[in-house]
Amino acid sequence: QVQLVESGGGLVQAGGSLRLSCTASGRTFSSYGMGWFRQAPGKERQSVATITRSGTGTYYANSVKGRFTISRDNGKNTVYLQMNSLMPEDTAVYYCAATSGVVLGLVTGRWNYWGQGTQVTVSS
């Protein structure tokens, strides 16, 4: 069992930055591919970024490419999402998730564990 806890959300003006963190319980964090997702009110959840177990492979949605960076520190059981040049359309609840499968792109089969989410609000 893996528990994921996100932090770092908040209110920021357009053009600003935030860094989200997701810390996992357990000793097998490096065995999981990780991803960040978001869901805005009235919209479907979308994949934002994914990262392989080692951190050498990263994938991004076109809407965030060049602005967001996903990274991980397996020694700290933590995955990060650095968000720069934020726009009002980035407003959403952001979730991290873990998969025991292999991350081969932005769309990966089954995500086994989810965090509770953290709100990001970008004002214009």
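Fair warning: this is a prediction, and the values are worked out from it, not measured in the lab.
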Sidechain-backbone polar pair: [X] side chain, [Y] backbone, donor-acceptor under 3.5 Å:
X	Y	answer
Ser25	Gln3	yes
Thr118	Gly9	yes
Glu6	Cys96	yes
Thr50	Gly105	yes
Thr99	Gly33	no
Tyr60	Ile70	yes
Asn77	Gly26	yes

Inset, instruction - Check the surroundings of atom CD in Gln119: do more than 12 heavy atoms from other residues, nucleotides or ligands lie under 6.0 Å from it? - result: yes
Inset, instruction - Check whether Leu106 and Val103 end up in the same hydrophobic cluster, where Ile, Leu, Val, Met, Phe, Trp and Tyr are linked by side-chain heavy atoms less than 4.5 Å apart. - result: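 Result: yes, single cluster for both.
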Legend entry - Single-linkage hydrophobic cluster, 4.5 Å side-chain cutoff, Trp111 and Val93 together: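 Yes; Val93 is reachable from Trp111 via cluster members.
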Answer yes or no: is there a side-chain heavy-atom contact under 4.5 Å between [X] and [Y]?
X	Y	result
Arg19	Met83	no
Val122	Val120	yes
Val79	Ile51	yes
Ser17	Gln82	yes

Nearest heavy-atom pair of [X] and [Y]: which atoms, and what distance?
X	Y	result
Ala14	Ser124	CB-CA, 4.4 Å
Tyr94	Leu20	CB-CD1, 3.6 Å
Ala92	Arg38	CB-CB, 3.8 Å
Asn74	Ser54	ND2-CA, 4.5 Å
Tyr95	Gly115	CD2-O, 3.6 Å
Cys22	Leu4	SG-CB, 3.8 Å

Inset, instruction - Mark yes or no: Arg53 above the aromatic ring of Phe29, with NZ or CZ under 6.0 Å from the six-membered ring centre and no more than 45 degrees from the axis. - result: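 Checked: cation-pi criterion not met.
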Inset, instruction - For the residue pair Trp114 and Phe37, categorise the inter-ring angle as parallel (less than 30°), tilted (30 to 60°) or perpendicular (more than 60°). - result: tilted
Legend entry - Output field: ring centroids Phe68/Trp36 closer than 6.0 Å: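 Between Trp36 and Phe68, which both carry aromatic rings, the centre distance is not below 6.0 Å.
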Inset, instruction - Using only heavy-atom distances, determine whether the side chains of Thr78 and Asp73 contain a donor-acceptor pair under 3.5 Å. - result: no
Starting at [atom1] of [X], measure out to [atom2] of [Y] and round the result to the nearest 0.5 Å.
X	Y	atom1	atom2	result
Leu18	Leu86	CG	CG	5.5 Å
Asn112	Gln1	CG	CD	10.0 Å
Arg67	Asp90	CZ	CG	4.0 Å

